[in-house]
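Read through the structure below, which is laid out as structure tokens, and then see the notes.
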Amino acid sequence: MSPSPSPPPRSEAAQIVLLTKELAWSRLKIQALEERLRLEMIRKYGPKSEKLSDNQLQLLDLEPGVSTEEVEAECRREPLPAASPATTTTKSKSGKHPGRQELPSHLPRVERIVACTPEQCICKRCGKDKAVIGYEQSEQLDVEPARYFVVVTRREKRACRSCAEGVSAAPLPERIIDKSLVSDRVVIDTIVNKYSDHLPLYRQSAILERDTGISISRATMDGWIMRVGEMLIPVVGAMGRELVAGSYIQADETPVPVQMSDGRGKNHQAFLWQYGKPGGNVVFDFRMGRSREGPVQFLGPYEGILQTDGYAAYGRVGGSRMVHAACWAHARRKVFDAVKLNPEDRMAAQLVARIDELFAVDAEARDAGMDHGARHGLRGERSRPLVEVMKKQMEAALAVVLPASALGKAVNYTLSLWDKLTRFLEHPELELSNNSAENSMRPVVLGRKNWIHFGSEQAGPKVAAILSVVETCRRLRLPVREYLACVLPGLGNVPVPRVPQYTPAAWAASHSWKMNQEI
């Protein structure tokens with residue numbers, strides 16, 4: 001068998017071309033890796049703000065497609081003018097101080113009268129007493145430290161002196177935890193301190209012992225929390241059904257560590273999936289994983305608008321007519337990463353400014369108190385031309401930037417979600433961003449830095465129910481302590497058909513007269 005012929009030697013020119021290509025590829029790879037490393041350093045040690053600096057805005061002034069008014073508006077962070085600057089004028093904000101903040105009128109007032117000194121009470125000219133003609137008044141916010149006391153409940157016992165019918169005792173008032181050493185207020189205070197103020201139980205136990213001399217273990221407090229969470233699960237279920245029956249849901253997810261008892265000594269990474277409507281209900285759904293099974297089970301046949309960050313698990317969920325929408329804040333964040341890496345990148349800075357213009361249009365509508373219909377008209381007039389210009393700029397950027405670069409990734413990400421990002425032009429109630437959902441995640445992120453993890457898999461749904469109620473009360477501006485004190489006692493005995501009457505929104509509607517009086 002004859003040996004196979006060896007390949008002909010490459011010419012010197014061909015070898016030079018090959019080496020040149022390899023060198024160019026290596027340089028591009030090094031550039032991409034350097035960008036990734038620098039971006040990680042910026043995220044770890046750099047400033048957290050995502051505002052353009054004045055130096056970056058000066059670059060936009062050199063761009064032929066950016067007007068001077070747009071640059072000045074971006075510097076002042078004001079609403080931008082319309083696409084035709086000749087027809088509208090930019091409002092300038094005055095630099096006047098807004099004045100001293102007034103204290104809320106619903107807070108009780110305690111008057112303290114300061115009398116004049118004896119010398120001030122006598123007229124220096126005639127020696128007669130001066131009359132009180134009025135008062136100079138000022139107000140300061142004051143506080144009384146928490147005052148612990150013991151409530152002694154004495155129930156009447158009655159018996160007939162004429163016959164041996166028996167003894168009757170007044171019924172016990174309903175409580176959150178029967179036969180507990182502490183009152184409902186202490187239980188609710190523990191819930192709010194942990195899941196609204198992020199105070200872990202070991203600190204609360206230490207504070208209670210310091211202020212009262214009573215030692216209550218963390219295990220006992222944890223038992224209170226689990227009982228409250230168990231009671232709130234049906235209420236949160238009703239809130240979830242209200243969400244799915246509506247027309248607009250924002251969704252997001254965040255990891256939460258769960259302590260396992262499998263002997264490995266490691267926490268399991270579970271997830272809280274959050275579903276909510278801006279200004280409405282928020283529901284946290286606890287899942288042990290991040291698979292599609294979570295949103296599939298929660299959303300069911302939902303056919304409204306679902307706004308997410310583009311995570312693939314949301315891709316095939318809900319009903320056949322469900323509308324998928326994406327978040328402009330996520331797109332802006334990725335483009336802004338390119339500005340962080342290269343502040344002199346005029347293309348990236350201009351794209352960030354264009355996205356800021358979209359948000360400025362919505363901010364103008366919000367400041368003017370427009371409803372969804374009026375805002376939809378403003379978006380059609382001002383936002384639609386901006387979106388068309390932005391798409392052309394991004395398509396042009398693809399031809400000149402490295403796909404693995406920060407700007408290349410940002411542009412590819414944005415264009416891949418373009419149809420979902422531009423749904424706000426078709427649906428008046430749709431917000432530009434998913435920031436409302438992200439803001440609802442902040443308490444969870446702050447909390448887990450303090451309470452570290454969920455104690456068990458079984459605790460997950462109960463904690464999720466408490467977080468849902470606390471966050472919904474925050475969004476609806478409800479006093480969470482008053483709400484919990486009103487609905488929790490006896491909640492376990494409420495018939496299932498009546499549970500929707502105990503959601504925060506239903507409670508707010510039934511107590512609106514009282515809240516209006518307080519406000």
Side-chain angles (χ1 to χ4, degrees), residues 239-254 271 273-285 287 290-334 354-355 358-359 361-363 365-366 370-388 390-391 394 412-441 472 475 505:
M239 292 163 56
R241 289 189 291 273
E242 289 177 8
L243 275 176
V244 175
S247 60
Y248 180 25
I249 293 177
Q250 293 182 334
D252 200 4
E253 72 286 336
T254 190
F271 282 83
W273 298 73
Q274 185 237 133
Y275 307 90
K277 182 177 181 179
N281 288 334
V282 180
V283 174
F284 288 92
D285 184 36
R287 299 283 172 174
R290 202 186 179 198
S291 68
R292 184 179 285 108
E293 180 184 359
V296 166
Q297 291 185 1
F298 183 88
L299 295 171
Y302 173 70
E303 293 190 336
I305 302 171
L306 179 66
Q307 188 174 27
T308 64
D309 57 4
Y311 177 43
Y314 298 107
R316 294 191 299 275
V317 299
S320 58
R321 293 184 295 176
M322 191 178 75
V323 178
H324 289 273
C327 170
W328 273 105
H330 282 81
R332 183 192 186 277
R333 202 168 296 149
K334 292 183 180 296
R354 292 294 186 192
I355 298 175
L358 290 181
F359 283 99
V361 172
D362 273 29
R366 183 170 54 253
M370 295 183 181
D371 58 15
H372 289 158
R375 185 180 68 175
H376 186 60
L378 184 66
R379 283 173 169 178
E381 177 186 351
R382 302 264 294 279
S383 300
R384 189 178 293 275
L386 291 174
V387 167
E388 293 173 355
M390 197 186 314
K391 186 176 183 181
M394 289 192 174
N412 277 314
Y413 171 86
T414 305
L415 291 178
S416 68
L417 296 174
W418 193 256
D419 290 340
K420 296 178 182 179
L421 285 169
T422 54
R423 293 271 159 77
F424 76 97
L425 297 172
E426 306 165 11
H427 301 276
E429 66 177 319
L430 181 59
E431 298 295 331
L432 276 177
S433 74
N434 218 20
N435 281 348
S436 181
E438 288 199 348
N439 289 339
S440 295
M441 286 297 191
T472 299
R475 279 200 187 183

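FYI, side chains are in, hydrogens and waters are out, and symmetry mates aren't considered; it's all heavy atoms of this structure. Keep in mind that what you see is a predicted model, and the values were worked out from it rather than measured.
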Considering all heavy atoms, the nearest [X]-[Y] contact:
{"X": "Leu378", "Y": "Ala365", "value": "CD2-CB, 4.0 Å"}
{"X": "Ala374", "Y": "Met370", "value": "CB-CB, 3.8 Å"}
{"X": "Arg475", "Y": "Gly276", "value": "NH1-C, 4.1 Å"}
{"X": "Leu299", "Y": "Val244", "value": "O-CG1, 3.5 Å"}
{"X": "Val361", "Y": "Ser383", "value": "CG1-OG, 3.5 Å"}
{"X": "Val317", "Y": "Met322", "value": "O-CE, 3.2 Å"}

Just jot down the side-chain contact (heavy atoms from CB on, under 4.5 Å) partners of [X], sequence neighbours excluded, or say none.
{"X": "Glu438", "answer": "Asp252, His330, Arg333, Asn435"}
{"X": "Arg423", "answer": "Val323, His324, Ala325, Asp419, Lys420, Glu426, His427, Leu430"}
{"X": "Glu388", "answer": "Arg384"}

Nearest 0.5 Å, please: how far is [atom2] in [Y] from [atom1] in [X]?
{"X": "Asp362", "Y": "Phe424", "atom1": "CG", "atom2": "CZ", "result": "7.0 Å"}
{"X": "Leu432", "Y": "Cys327", "atom1": "CG", "atom2": "SG", "result": "9.0 Å"}
{"X": "Gln274", "Y": "Asn439", "atom1": "CD", "atom2": "CG", "result": "9.5 Å"}
{"X": "Met441", "Y": "Thr254", "atom1": "CE", "atom2": "OG1", "result": "5.5 Å"}

When you compare the side chain of [Y] with that of [X], does any pair of heavy atoms fall below 4.5 Å?
{"X": "Glu431", "Y": "Pro278", "answer": "yes"}
{"X": "Asp309", "Y": "Glu253", "answer": "yes"}
{"X": "Ile305", "Y": "Ile249", "answer": "no"}

Residue pair Arg332 / Ser433, side-chain donor-acceptor N/O under 3.5 Å: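 Result is no, nothing qualifies.
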Polar side chain donor-acceptor pair, Glu429 to Ser247, under 3.5 angstrom: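 Result is yes, a qualifying pair exists.
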Atom CD of Glu293: over 12 foreign heavy atoms under 6.0 Å: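 Count not over threshold, so no.
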Ignoring hydrogens and geometry, is there a side-chain-to-backbone donor-acceptor pair from [X] to [Y] under 3.5 Å?
{"X": "Asn434", "Y": "Ala251", "result": "yes"}
{"X": "Arg375", "Y": "Pro428", "result": "yes"}
{"X": "Arg292", "Y": "Ala312", "result": "yes"}

Residue from Trp418, Phe359, Tyr413 passing ring-ring contact (aromatic ring centres under 6.0 Å, His included) with Trp328: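 Passing option: Trp418.
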Plane angle bin for Phe298 and Tyr275 - parallel if under 30°, tilted between 30 and 60°, otherwise perpendicular: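 Answer is parallel, since the angle falls under 30°.
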Trp273-Tyr314 aromatic ring centre distance below 6.0 Å: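 Yes; Tyr314 has its ring centre under 6.0 Å from that of Trp273.
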CA sep, side-chain torsions, deciding dist, call: Arg354, Val387, side chain to side chain contact (heavy atoms under 4.5 Å, CB included): CA-CA 8 Å; Arg354 292 294 186 192; Val387 167; over 6 Å; no
Thr414/Met394 under side chain to side chain contact (heavy atoms under 4.5 Å, CB included): CA gap, chis, key distance, verdict: CA-CA 9 Å; Thr414 305; Met394 289 192 174; 3.5 Å; yes
Cation-aromatic face contact Lys277/Tyr248, 6.0 Å, 45 degrees: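 Because its charged atom misses either the 6.0 Å distance or the 45° angle limit, Lys277 does not stack over Tyr248.
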